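This report refers to the structure that appears directly beneath it.
If you're wondering where the values come from, they're calculated on a predicted model, not measured in any experiment. In what follows, chains carry the letters A, B, and so on, assigned in the order in which the sequence lines appear, proteins first and then strands, with residues in each chain numbered from 1.
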2 protein chains.
Amino acid sequence: MKRLLERIDREILAAGGKRSRSRAVVIEGFFRARDHVTIDELTRSVRESAPGIGAVTVYRTLKLLERLGYAKELDFGEGARRYESNLSPHHDHLVCRRCGTVIEFEDREIENLQVLVTRRHGFHPTAHRLEIYGFCRKCASGDSPERFR
Amino acid sequence: MKRLLERIDREILAAGGKRSRSRAVVIEGFFRARDHVTIDELTRSVRESAPGIGAVTVYRTLKLLERLGYAKELDFGEGARRYESNLSPHHDHLVCRRCGTVIEFEDREIENLQVLVTRRHGFHPTAHRLEIYGFCRKCASGDSPERFR
DNA sequence: TATTATTATGATAATGAATTTCATAATCAT
DNA sequence: ATGATTATGAAATTCATTATCATAATAATA
């Protein structure tokens, strides 16, 4: 973790940025936080140790991390973006509509088929998003079927 | 088209709704419009023939069509939702980052693999979204490579 | 180390899509 | 026609995100 933060610091400097206290706090908070955080969630958690941090700084810092390739924007259609760290290899998401749990999965075969699809259409892919919505094991095993809506 | 509009009218009535002029205009406009329209786009186009229509009515009418199963909400990360008619069978989208063209595709094999993935995680899928972003054939064949950003 | 130049911060305002409110109008059932 | 209900549309509201701007912090220079 220390090495990571130092590396990011160096990249920020190299890009003409400065290392500020607030930014460092947000960055460390982001990597410590659970994955798929909301700006709001991260702001709250970061403010517990550093109450002065403005939400705007959190927005800006995550945009910065995204530019540097350390964070990825997610959108599960909730109205607010989420961010995940981009350290682990590419994966897609199963999103539970009831409890909000997010399960990550990776399927090489699906990825390959996607490439074939784009090829058939002369399309040059640069990114994709695949999310499967539904109910996780726990939520699906509830007794009352009407919980599904 | 006429049959479709009549059928929708009947369903609205059956659900306790009323058939209003504005709503009829919006619904017909929606099915005549090109697919993947924005609320704003549809509002403009509808207002050409019926200038009085309020944007709110367009919002409400599309929500209604979605509830009835005739429209699907899309989100290509542009900040504004898009809607497509839900008459054709399920499909996913290739979205060109340059010209905005949307190519629809359907791949049974990908769908099957998705089911297998969810099964592995004890997850009960109810919906999914798969979008591949990149450049369509025309935009990719441009001479200047720096158009890719 | 002191100075200067640049970047970052954070409070507030602005933006923009989507929703709510509410008085009025249209539509349906009697 | 009448009454009851639903729909409309303008304006206000909400909420996430971005822009503004004066101040503060940081880096580079002397």
Side-chain angles (χ1 to χ4, degrees), chain A residues 5-6 8-30 36-44 46-68 71-83, chain B residues 5-6 8-30 36-44 46-68 71-83:
Chain A
L5 298 182
E6 284 169 2
I8 295 177
D9 257 12
R10 262 182 275 119
E11 288 189 28
I12 289 175
L13 266 183
K18 299 183 174 178
R19 299 166 302 186
S20 84
R21 183 87 200 97
S22 301
R23 189 183 271 168
V25 170
V26 174
I27 294 179
E28 178 160 0
F30 172 63
H36 320 118
V37 278
T38 283
I39 292 285
D40 189 60
E41 290 169 0
L42 184 54
T43 303
R44 286 173 200 281
V46 150
R47 274 181 174 160
E48 287 178 12
S49 52
I53 305 272
V56 187
T57 296
V58 182
Y59 274 101
R60 281 190 287 228
T61 302
L62 287 190
K63 281 283 180 204
L64 173 64
L65 285 179
E66 207 224 353
R67 272 201 305 280
L68 295 178
K72 261 180 89 172
E73 283 186 1
L74 302 176
D75 174 8
F76 296 154
E78 303 161 295
R81 279 203 285 270
R82 290 184 178 273
Y83 285 88
Chain B
L5 299 181
E6 285 169 0
I8 294 176
D9 257 12
R10 262 181 276 119
E11 288 189 28
I12 289 175
L13 266 183
K18 299 183 176 179
R19 298 166 303 184
S20 84
R21 183 88 199 96
S22 301
R23 189 184 271 167
V25 170
V26 174
I27 294 178
E28 179 161 1
F30 172 63
H36 322 116
V37 280
T38 283
I39 293 284
D40 189 60
E41 290 170 359
L42 183 54
T43 303
R44 285 173 201 281
V46 149
R47 275 182 174 158
E48 287 177 14
S49 53
I53 305 272
V56 188
T57 298
V58 182
Y59 273 100
R60 281 189 284 228
T61 303
L62 287 189
K63 280 283 181 205
L64 173 64
L65 285 179
E66 207 224 352
R67 273 200 305 280
L68 295 178
K72 262 180 89 173
E73 283 187 2
L74 302 175
D75 174 8
F76 296 153
E78 305 162 296
R81 280 201 286 268
R82 291 184 178 273
Y83 285 89

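Protein atom CG of Leu13(A) is 13 Å distant from nucleotide atom C1' of dA8(C), rounded to whole Å. At whole-Å resolution of the value, CG in Asp75(B) and C1' in dA17(C) are 12 Å apart. Atom CD of Glu41(B) and atom P of dA18(C) are 12 Å apart (whole Å). Rounded to a whole Å, the CZ atom of Arg19(B) is 15 Å from the P atom of dT6(D). Atom-to-atom, CD of Glu78(B) to P of dG16(C) comes out at 16 Å; the value is rounded to the nearest Å. Put simply, CG on Leu64(A) is 17 Å from P on dT17(D), counting in whole angstrom units. Rounded to whole angstrom, the span from the CG atom of Leu62(B) across to the P atom of dT19(C) amounts to 11 Å. Between Tyr59(A) atom OH and dT15(C) atom C1' there is a gap of 13 Å when expressed in whole angstrom units.
Between Lys63(B) and the phosphate of dT19(C), there is a side-chain N or O to OP1/OP2 separation shorter than 4.0 Å. One finds a side-chain N or O of Ser20(B) lying less than 4.0 angstrom from the OP1 or OP2 phosphate oxygen of dT8(D). A close approach under 4.0 Å does occur between a side-chain nitrogen or oxygen of Ser22(A) and OP1 or OP2 of dG10(C). Distances shorter than 4.0 Å separate some side-chain N or O of Thr57(B) from OP1 or OP2 on dG9(D).
When distances run from any side-chain atom of Val56(A) to the nucleotides dT18(D), dT19(C), dC28(C), the shortest one goes to dT18(D). In the set dT17(D), dC28(C), dA27(D), the nucleotide with an atom closest to the side chain of Ile39(A) is dT17(D). In this structure, of dA16(D), dG10(C), dT19(C), it is dA16(D) that holds the atom nearest to the side chain of Ala80(A).
A distance of 11.0 Å separates CZ in Arg10(B) from CG in Leu5(B), rounded to the nearest 0.5 Å.
In this structure, Thr38(B) contributes its side chain and Glu41(B) its backbone to no donor-acceptor pair below 3.5 Å.
When each of Arg82(B) and Ala24(A) is assigned the nucleotide of DNA chain C bearing its nearest heavy atom, the one mapping closer to the 5' terminus is Ala24(A). Across the interface with DNA chain D, nearest-nucleotide mapping of Arg21(B) and Arg81(A) shows Arg21(B) to be the residue nearer the 5′ end. Judged by closest nucleotide on DNA chain D, Arg23(B) is the one of Arg23(B) and Arg47(B) placed further toward the 5' end.
Contact annotation for Arg60(A): base contact, defined as any heavy-atom pair under 4.0 Å involving a base atom.
Among Thr61(A), Val46(A), Thr43(A), the single residue meeting the side chain to side chain contact (heavy atoms under 4.5 Å, CB included) criterion with Ile53(A) is Val46(A).
You'll find the side chain of Leu65(B) stays beyond 4.5 Å of the side chain of Val26(B), heavy atoms only.
Between His36(B) and Phe76(B), the ring planes lie tilted relative to each other; the angle falls in the 30° to 60° range.
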